[in-house]
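Inspection log for the structure reproduced underneath, given as structure tokens.
In what follows, residues are counted from 1 in the order of the sequence shown. What you see is a predicted model, and the numbers here were worked out from it, not measured in a lab.
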Amino acid sequence: MDNALQKELKKYIREVKKLLICDSKTKKKFIKDFSESLYDYADSKDETDIQIIRKHFGNPEEIAKSFLSEMDIKTVKKRMALKSVILTALIIIISVISVTAIEICIDSHTSAHGTGIETLYDNNGNKLSENYYEYY
């Protein structure tokens, strides 16, 4: 098989892969099987024309439609839902860690330098002024 045909086959596989809507595990398995079928067909027929191969297997949209029609929709939804739950959990964990790190930085700054508030009152207990200051 020549390099030009290999490039065309890889392009054809990428086109199909882009159209598949499923989890990555299922997509990888399908693309692996599909690629093997393509290469086996091209080798067994000594085929060098990508158009003939495309005609035999169908256009990428037809392949993706056929693949999706054969899939168990419940399984796909379950896997996609699990993926979104994991992604959401990761975002929450990263947010909590970030907020905690920021609080630690602020607290260490104020602890190292020290802060204070000085409030002045007159003899009658009325507040005259309040000053915020930092120790360095």
Side-chain angles (χ1 to χ4, degrees):
M1 184 180 315
D2 65 347
N3 285 340
L5 180 61
Q6 282 185 352
K7 286 181 182 180
E8 289 296 323
L9 289 174
K10 286 180 182 179
K11 181 180 174 188
Y12 183 47
I13 293 167
R14 279 193 308 272
E15 290 172 13
V16 171
K17 187 176 181 179
K18 285 179 187 178
L19 296 172
L20 298 178
I21 302 170
C22 60
D23 62 285
S24 60
K25 183 179 177 182
T26 305
K27 187 183 284 191
K28 282 181 186 176
K29 183 179 179 347
F30 176 80
I31 291 298
K32 181 180 177 267
D33 294 342
F34 178 65
S35 299
E36 287 175 5
S37 296
L38 276 176
Y39 286 107
D40 288 347
Y41 178 81
D43 287 339
S44 69
K45 304 286 184 183
D46 283 331
E47 192 56 64
T48 58
D49 186 2
I50 189 66
Q51 296 308 321
I52 293 173
I53 295 172
R54 280 179 175 258
K55 187 174 182 181
H56 176 78
F57 284 93
N59 67 38
E61 291 82 11
E62 291 170 346
I63 295 168
K65 239 185 222 182
S66 173
F67 169 74
L68 292 173
S69 69
E70 294 173 11
M71 288 190 61
D72 178 23
I73 299 302
K74 288 182 181 179
T75 304
V76 173
K77 285 183 178 180
K78 185 178 175 183
R79 286 184 181 167
M80 298 298 272
L82 178 63
K83 195 175 189 179
S84 66
V85 167
I86 290 171
L87 183 62
T88 302
L90 283 173
I91 289 171
I92 290 170
I93 289 169
I94 290 170
S95 298
V96 168
I97 290 171
S98 298
V99 168
T100 304
I102 290 169
E103 286 182 6
I104 289 171
C105 288
I106 291 171
D107 188 49
S108 67
H109 174 74
T110 55
S111 296
H113 297 291
T115 60
I117 298 175
E118 180 181 61
T119 308
L120 299 176
Y121 296 93
D122 66 8
N123 291 337
N124 296 328
N126 297 323
K127 189 179 192 180
L128 295 173
S129 68
E130 189 170 78
N131 296 319
Y132 174 79
Y133 56 92
E134 291 187 33
Y135 298 108
Y136 292 102

Subject >> pair Y12-I63: side-chain heavy atoms closer than 4.5 Å >> reply: yes
Original post:
Quick one: are Q6 and N3 in side-chain contact, heavy atoms under 4.5 Å?
Top reply: yes
Original post:
Taking the side chain from N124 and the backbone from N126, do they hold a donor-acceptor pair closer than 3.5 Å?
Top reply: no
**OP:** Answer yes when K32 and E36 have at least one side-chain N-carboxylate O distance shorter than 4.0 Å, and no when they do not.
**Re:** yes
Original post:
About how many Å separate CG of N59 and NZ of K65, when rounded to the nearest 0.5 Å?
Top reply: 9.0 Å
Original post:
How far does CG of D43 sit from CG of L38, to the nearest 0.5 angstrom?
Top reply: 10.5 Å
Original post:
Do you know which two heavy atoms are closest between A64 and L19, and how far apart they sit?
Top reply: CB-CB, 3.7 Å
Original post:
For the residue pair F30 and F67, does the interplanar ring angle fall in the parallel (under 30°), tilted (30 to 60°) or perpendicular (over 60°) class?
Top reply: tilted
Original post:
When rounded to the nearest 0.5 angstrom, what distance separates CG in D2 from CD in E8?
Top reply: 10.0 Å
Subject >> S129 side chain near E118 side chain, heavy-atom distance below 4.5 Å >> reply: no
**OP:** Locate the shortest heavy-atom distance separating L5 from I53; write the atom from each residue and the value.
**Re:** CD1-CD1, 4.0 Å
Subject >> Validation row, ring centre Y41 to ring centre F57 under 6.0 Å >> reply: yes
Original post:
Could you state the interatomic distance from NZ (K127) to CG (D122), rounded to the nearest 0.5 Å?
Top reply: 12.5 Å
Original post:
If you round to the nearest 0.5 Å, how far is CD1 of I93 from OG of S98?
Top reply: 11.5 Å
Subject >> Flag if over 12 foreign heavy atoms under 6.0 Å of NZ, K17 >> reply: no
Original post:
Quick one: does K11's side chain get under 4.5 Å of E15's, heavy atoms only?
Top reply: yes
Subject >> Backbone N/O of E62 and side chain of S66: donor-acceptor pair under 3.5 Å >> reply: no
Original post:
If you look at every heavy atom in K10 and Y39, which pair is closest and at what distance?
Top reply: CG-OH, 3.7 Å
Original post:
What are the two closest non-hydrogen atoms of I21 and L68, and how far apart are they?
Top reply: O-CD2, 3.4 Å
